Amino acid sequence: MKKTELNEAVSEVQKKYRVIGRSKEIMEALAGIYSGKHILIEGEVGVGKTTLALAIANYLDKPFYRVDSSDQVDEAKLVGWWDPPLVLNKGYVREAFIAGPLFNAMINNGILFINELNRLPETTQNVLLPVMDEGKLEIPKLGTIEAKNGFRVIATQNPEEHIGVTALGEALKDRFVWIKLEYQPEKEEKEIVKLHSSVEDEEIISLSVKITRATRNNPYIKRGSSVRGAIDLASLMAYFDKYSLKDWINAALMALATKIELYDETEKTINEVISEIVKNTVESRFLLINR
């Protein structure tokens with residue numbers, strides 16, 4: 001595929017699947033897939049990792065198999081398992097094997113999408129090594145399963161400092177090409193909020209985005225909110241008085257309190273920190289009625 005064709009594909013992905021911005025990342029993902037690579041998308045919660053992965057998978061028009069990672073996803077849930085009643089009745093035949101998402105993606109020329117790969121147990125992660133390296137999977141009593149040429153893995157992961165994640169082994173990381181997603185520019189975040197909140201008031205959209213972005217560089221906040229916070233805040237403020245500081249604070253607490261993480265040593269509460277951010281952001285825009 002030529003560069004001009006790749007540019008056209010990027011535009012089609014954005015238009016067809018309502019992706020705001022991300023031209024560079026979409027191009028990188030498509031280039032990776034077309035060159036036969038597996039893709040690892042890394043970024044903070046809410047930056048659009050899953051949105052990007054789903055858009056690429058849908059654009060390629062391939063069978064799609066999703067795995068949402070947790071410590072409960074063992075090898076059997078990824079690969080498949082033998083059904084005991086069927087085994088007793090028919091023996092270890094293909095009909096008695098319940099295929100998992102990895103198995104299905106391999107034989108159906110599909111895409112295995114693993115959401116938050118680094119939340120999988122290490123033993124489950126290691127199942128992917130021979131599959132990604134050699135395109136083969138050994139299943140006891142069933143034999144060797146070979147992946148079709150178009151089989152790909154698209155995985156996402158949160159930064160390693162997040163709670164509950166397991167650092168990927170060097171061998172597994174080595175089999176991916178890596179795409180990093182950062183927070184998007186303010187202009188694009190406003191477009192995202194408008195698209196997903198159904199709010200038309202530009203002042204509400206603008207202030208919601210500014211308040212949310214302010215959580216990302218606050219000295220008391222370890223992890224700020226993604227654009228999801230702005231979407232929720234704008235949606236709530238559509239039902240409140242945008243000239244009321246009290247309403248902005250209440251709506252911001254509702255929208256953001258579950259989306260930020262304070263530093264352990266912070267003496268202030270989440271309510272206090274969010275209230276300060278709202279006051280500093282909103283009062284500078286227009287005179288509010290304190291009600």
Side-chain angles (χ1 to χ4, degrees), residues 1 5-6 9-10 12-13 16-17 19 25-42 49-70 73-82 93-157 166 168-181:
M1 178 177 280
E5 294 174 320
L6 200 56
V10 170
E12 187 175 347
V13 170
K16 192 171 183 179
Y17 301 104
V19 178
E25 294 85 355
I26 295 171
M27 182 173 290
E28 290 172 344
L30 289 173
I33 293 294
Y34 288 138
S35 63
K37 308 303 179 185
H38 303 288
I39 309 294
L40 179 62
I41 305 170
E42 180 178 337
K49 301 185 295 296
T50 303
T51 298
L52 176 61
L54 292 176
I56 296 299
N58 288 325
Y59 174 76
L60 296 171
D61 195 25
K62 284 177 169 287
F64 183 78
Y65 303 91
R66 175 169 178 160
V67 175
D68 289 307
S69 302
S70 75
V73 180
D74 58 18
E75 297 175 46
K77 289 180 181 177
L78 185 64
V79 176
W81 64 92
W82 293 104
V93 296
R94 172 65 184 87
E95 187 181 345
F97 185 76
I98 309 301
L102 174 58
F103 184 103
N104 282 325
M106 291 176 67
I107 66 171
N108 293 322
N109 201 35
I111 287 178
L112 177 69
F113 171 60
I114 306 178
N115 191 32
E116 299 191 344
L117 174 62
N118 52 350
R119 292 191 187 277
L120 283 181
E122 187 175 356
T123 53
T124 308
Q125 293 177 13
N126 289 339
V127 173
L128 297 168
L129 290 174
V131 177
M132 297 173 65
D133 197 25
E134 304 167 7
K136 295 181 179 180
L137 178 65
E138 288 288 340
I139 300 178
K141 296 182 170 48
L142 187 63
T144 302
I145 304 302
E146 295 192 6
K148 299 288 181 64
N149 289 335
F151 164 74
R152 298 287 184 272
V153 177
I154 300 179
T156 68
Q157 74 166 4
T166 302
L168 300 182
E170 292 299 322
L172 184 56
K173 286 196 294 185
D174 190 54
R175 285 157 175 79
F176 283 103
V177 295
W178 179 74
I179 297 174
K180 176 71 171 178
L181 292 193

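Everything numeric in this text was worked out from a predicted model, so none of it was measured.
The two residues Pro101 and Lys77 have their closest heavy-atom pair at CD-O, 3.2 Å. Nearest approach of Trp82 to Leu142, heavy atoms of both residues: CZ2-CB, 3.8 Å. Annotation for Pro121 and Ser70: closest pair CD-O, 3.4 Å, computed over non-hydrogen atoms. Contact detail for Glu42 and Trp178: the closest heavy-atom pair is OE1-NE1, 2.9 Å. Shown here for Val79 and Phe103, the closest heavy-atom pair between the two residues is O-CB, 3.3 Å. Met132 and Val153 make their closest contact through CG-CG2, 4.2 Å (heavy atoms, listed as atom of the first residue, atom of the second, distance).
Side-chain contact between Val67 and Leu102 is absent, with no heavy-atom pair separated by less than 4.5 Å. At least one side-chain heavy atom of Tyr34 sits under 4.5 Å from a side-chain heavy atom of Leu60. Using a 4.5 Å heavy-atom threshold, the side chains of Leu137 and Met106 count as touching. No side-chain heavy atom of Arg152 sits less than 4.5 Å from a side-chain heavy atom of Ile39.
Shown here is Lys180, whose NZ atom has more than 12 heavy atoms of other residues, nucleotides or ligands within 6.0 Å. By the 6.0 Å contact criterion, NZ on Lys62 is enclosed, its count of non-hydrogen atoms from other residues, nucleotides or ligands being greater than 12.
Taken to the nearest 0.5 Å, the NZ atom of Lys148 stands 6.5 Å off from the CG atom of Asn109. Summarising the geometry, atom CE belonging to Met27 is positioned 12.0 Å from atom CD1 belonging to Ile179; distances are rounded to the nearest 0.5 Å. Distance check, rounded to the nearest 0.5 Å: CD of Glu116 to OG of Ser69 gives 7.0 Å. The CZ atom of Arg175 sits 13.0 Å away from atom NZ of Lys173, with the distance rounded to the nearest 0.5 Å. Atom-to-atom distance recorded for Tyr17:OH and Leu52:CG is 12.5 Å, nearest 0.5 angstrom. One distance of note links CG of Leu172 with CD of Gln125; it measures 6.0 Å at 0.5 Å rounding.
In this structure, Asn108 contributes its side chain and Gly110 its backbone to no donor-acceptor pair below 3.5 Å. Of the possible donor and acceptor atoms, none in the side chain of Asp174 sits under 3.5 Å from a partner among the backbone N and O of Glu170.
Among the candidates Asn58, Ile154, Leu54, the single residue satisfying the side-chain contact (heavy atoms from CB on, under 4.5 Å) test with Phe64 is Leu54.
Counting only N and O atoms by type, the side chains of Thr124 and Glu75 include no donor and acceptor under 3.5 Å apart. Between the side chains of Thr156 and Asn115, at least one donor N or O lies within less than 3.5 Å of an accepting N or O.
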Requested in this report: Any chance you could lay out the side chain to side chain contact (heavy atoms under 4.5 Å, CB included) test for Glu28 and Leu30, step after step, and finish with the verdict?
Outcome: CA-CA 6 Å; Glu28 290 172 344; Leu30 289 173; over 6 Å; no
Query raised in the report: Are Asp133 and Leu128 close enough, and set up right, to give a side chain to side chain contact (heavy atoms under 4.5 Å, CB included), and what steps lead you there?
Result: CA-CA 8 Å; Asp133 197 25; Leu128 297 168; over 6 Å; no
Requested in this report: Please step through side chain to side chain contact (heavy atoms under 4.5 Å, CB included) for the pair Glu25 and Leu181, ending with a clear verdict.
Outcome: CA-CA 8 Å; Glu25 294 85 355; Leu181 292 193; 3.2 Å; yes
Query raised in the report: Could you walk me through whether Phe151 and Ile107 pass the side chain to side chain contact (heavy atoms under 4.5 Å, CB included) check?
Result: CA-CA 8 Å; Phe151 164 74; Ile107 66 171; over 6 Å; no
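Between Phe113 and Tyr65, the distance from one ring center to the other does not fall under 6.0 angstrom.
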